[in-house]
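Report on the structure given below.
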Amino acid sequence: MRRLFWFSLALWVCGCAARSPVFYANAHYNSVGKARAEKDLEECKRLADEHVPSSAVGNVVGQTAVGGGAGAAIGAAGGAATGRAGSGAAAGAASGAVAGLLRGIFQSRGPDALERGYIEACLRERGYEIVGWR
């Protein structure tokens, strides 16, 4: 049980690493430098937080609920085959909810598409080019 806890904790910590845009080293980036580019990125992220409603929390909650429901259905079906539908459904719901929670956390590692678009537009207005997100 302890191994499962530490493994889950390690996955959760890795899942929380936020994604960031990767700058193309164009003339503007080269003239202002990495420190200024990072400062402008933080400002654009702050503006995106103010102007774009975030769906990350809703995504995690939704994934948890879907995982719990699917797990309950699968657990009940498996439990019915062994004559223990109730306990199978409970175990399936619990494991499905955990799987859904982890899936939601890992999928919400960075800004959603709308936030990324806002951040990229903000940086583009400041003279930067973004080649992707990592």
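Note that the numbering runs from 1 along the sequence shown for the chain.
Salt-bridge annotation for Lys39 and Glu42: absent, with no side-chain N of the basic residue lying under 4.0 Å from a carboxylate O of the acidic one.
Contact check for Leu47 versus Tyr118: side-chain heavy atoms found under the 4.5 Å cut-off. Using a 4.5 Å cut-off on side-chain heavy atoms (C-beta onward), Ile119 and Trp133 make contact. Within the 4.5 Å cutoff, the side chain of Tyr29 has no heavy atoms near those of the Arg36 side chain. Looking at heavy atoms from C-beta onward, His28 lies out of side-chain contact with Glu129 at the 4.5 angstrom threshold. Side-chain contact between Lys45 and Ser20 is present, with at least one heavy-atom pair separated by less than 4.5 Å. Within the 4.5 Å cutoff, the side chain of Leu123 has heavy atoms near those of the Ile130 side chain. No side-chain heavy atom of Pro21 sits under 4.5 Å from any side-chain heavy atom of Arg116.
Note that CG of Leu41 and CZ of Arg46 are 12.5 Å apart. Values are rounded to the nearest 0.5 Å. The CZ atom of Arg126 lies 4.0 Å from the SG atom of Cys44; values are rounded to the nearest 0.5 Å.
With hydrogens and angles disregarded, no donor-acceptor distance shorter than 3.5 Å links the side chain of Glu38 to the backbone of Ala35.
A donor atom on one side chain and an acceptor atom on the other are found under 3.5 Å apart for Tyr128 and Asp40.
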